[in-house]
Amino acid sequence: MDLNTLRGLSNEVLYGIDRVPDLTDEAVVAACVDSLINRRHFLHPVEEYAESINLILREGRLSTQALEMSRRYSETELLEFLARLARQLDERRPWPLPAFVKLDVAQWSSFADAKPIARINRPMMKINDILNKSFDNVPIGAEKLPVMILELRSGDVVALMGSVNPRSTMFALMQRDPGDPAEVIARFCEFTDFSPEEVVPLAA
């Protein structure tokens, strides 16, 4: 990975840093580490962000663009934050797989024999907010079917499928591969932070 790309990744980490009230708070650092590992707010693997942060720390300075990320904190404070972040990242090695990743909608064809195992009654925007991901649209004749394909840390590949009715708030959790639906639902809740009460199992 080239240097400009690496520096750009550290800029992503510092984006919105002024919303953090206290950069010395270890809980804030831990939350950022969790987000990096689980890719909740970051597109790239944690390994790439760690490499970027370590590059900045070796250089001992921030680029002009990185400095412009903050009107609240000095370069020294930002570098100290990145150092604490690097330390906690190292302490968490070996890094687990992300809790879940969104897969390309091109895999929807692999759900031809999938079965619905649960329903979630929530507006699409609420689901987008919980997962920090957005739905894709699959054409069904003249209509569009909203779907989101996820691979969980457990290896389960599931999909959330909405309705061609854009006003509908009902979504089905689809199980693609063999396995106990109850266990798949439990792992879906564990890795996505949906509460079990929100994911209602369907009768077999």
Side-chain angles (χ1 to χ4, degrees), residues 1-103 120 122 125-134 148 150-156 158 160 185-199:
M1 188 176 296
D2 64 79
L3 292 178
N4 286 334
T5 301
L6 283 174
R7 292 190 179 103
L9 293 178
S10 63
N11 290 349
E12 285 185 38
V13 175
L14 295 176
Y15 180 77
I17 197 70
D18 281 358
R19 293 194 294 269
V20 178
D22 182 5
L23 292 185
T24 65
D25 186 346
E26 290 299 316
V28 168
V29 179
C32 188
V33 168
D34 286 338
S35 187
L36 286 166
I37 290 173
N38 289 313
R39 296 173 67 174
R40 294 303 293 263
H41 305 95
F42 298 94
L43 294 176
H44 298 271
V46 60
E47 292 84 357
E48 296 181 11
Y49 291 101
E51 183 182 358
S52 171
I53 292 167
N54 288 328
L55 169 68
I56 298 302
L57 293 175
R58 286 195 303 270
E59 292 181 339
R61 60 184 177 81
L62 295 171
S63 67
T64 301
Q65 185 179 20
L67 287 172
E68 290 174 350
M69 295 286 173
S70 177
R71 296 182 180 275
R72 179 175 182 177
Y73 296 111
S74 68
E75 181 176 31
T76 298
E77 290 173 311
L78 295 174
L79 287 171
E80 289 174 350
F81 170 75
L82 291 177
R84 283 190 288 272
L85 195 57
R87 183 168 60 252
Q88 283 204 28
L89 280 169
D90 282 341
E91 291 170 353
R92 295 280 293 273
R93 292 177 187 268
W95 298 311
L97 293 172
F100 65 88
V101 293
K102 180 184 172 184
L103 300 183
I120 299 172
R122 264 186 176 253
M125 291 303 297
K126 293 291 186 181
I127 296 176
N128 290 345
D129 289 344
I130 291 172
L131 300 177
N132 200 39
K133 311 291 181 189
S134 58
M148 186 189 304
L150 304 174
E151 181 174 3
L152 307 179
R153 179 180 289 161
S154 56
D156 298 292
V158 298
L160 290 171
I185 293 170
R187 290 192 289 267
F188 173 81
C189 292
E190 175 187 358
F191 293 123
T192 63
D193 292 336
F194 272 95
S195 71
E197 293 75 21
E198 294 177 294
V199 185

Counting heavy atoms not belonging to Glu77, are there more than 12 under 6.0 Å from its CD?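 Result for CD/Glu77: enclosed.
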Say whether, by atom type as modelled, one donor and one acceptor occur between the side chain of Arg72 and the main chain of Asp18 under 3.5 angstrom.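 Flag set: sc Arg72 to bb Asp18 pair under 3.5 Å.
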Can any side-chain N or O of Glu48 pair as donor or acceptor with the backbone N or O of Pro45 at less than 3.5 Å? no
4.5 Å side-chain heavy-atom contact, [X] and [Y]:
X      : Y      : value
Val28  : Asp22  : no
Phe81  : Ile17  : yes
Arg40  : Asp193 : yes
Leu36  : Val13  : yes
Leu62  : Ser10  : no
Ile120 : Phe188 : yes
Lys102 : Ser134 : yes
Leu78  : Leu23  : yes

Find the distance between [atom1] ([X]) and [atom2] ([Y]) and round it off to the nearest 0.5 Å.
X      : Y      : atom1 : atom2 : answer
Leu150 : Asp156 : CG    : CG    : 11.0 Å
Thr192 : Asn38  : OG1   : CG    : 11.5 Å
Arg39  : Asp34  : CZ    : CG    : 15.5 Å
Ser74  : Glu80  : OG    : CD    : 7.5 Å
Ile53  : Ile56  : CD1   : CD1   : 9.0 Å
Ser63  : Gln65  : OG    : CD    : 5.5 Å

Quick one: do Asn128 and Met148 satisfy side-chain contact (heavy atoms from CB on, under 4.5 Å)? Show the steps, please. CA-CA 10 Å; Asn128 290 345; Met148 186 189 304; 4.0 Å; yes
Under 4.0 Å between a side-chain nitrogen and a carboxylate oxygen: does that hold for Asp90 and Arg93? yes
Cationic N near anionic O, under 4.0 Å, Glu59 to Arg7: yes
What heavy-atom pair brings [X] and [Y] nearest, and what distance separates the two atoms?
X      : Y     : result
Ile37  : Trp95 : CD1-CD1, 3.8 Å
Phe42  : Glu12 : CE2-O, 3.8 Å
Arg153 : Pro98 : CB-O, 3.3 Å
Asn11  : Ala66 : OD1-CB, 3.2 Å

Relative to each other, are the rings of Tyr49 and His44 parallel, tilted or perpendicular (30° and 60° limits)?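 Because their plane-to-plane angle is over 60°, the rings of Tyr49 and His44 count as perpendicular.
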Take Ile130 and Arg122, measure what side-chain contact (heavy atoms from CB on, under 4.5 Å) needs, and give me the verdict at the end. CA-CA 11 Å; Ile130 291 172; Arg122 264 186 176 253; 3.6 Å; yes
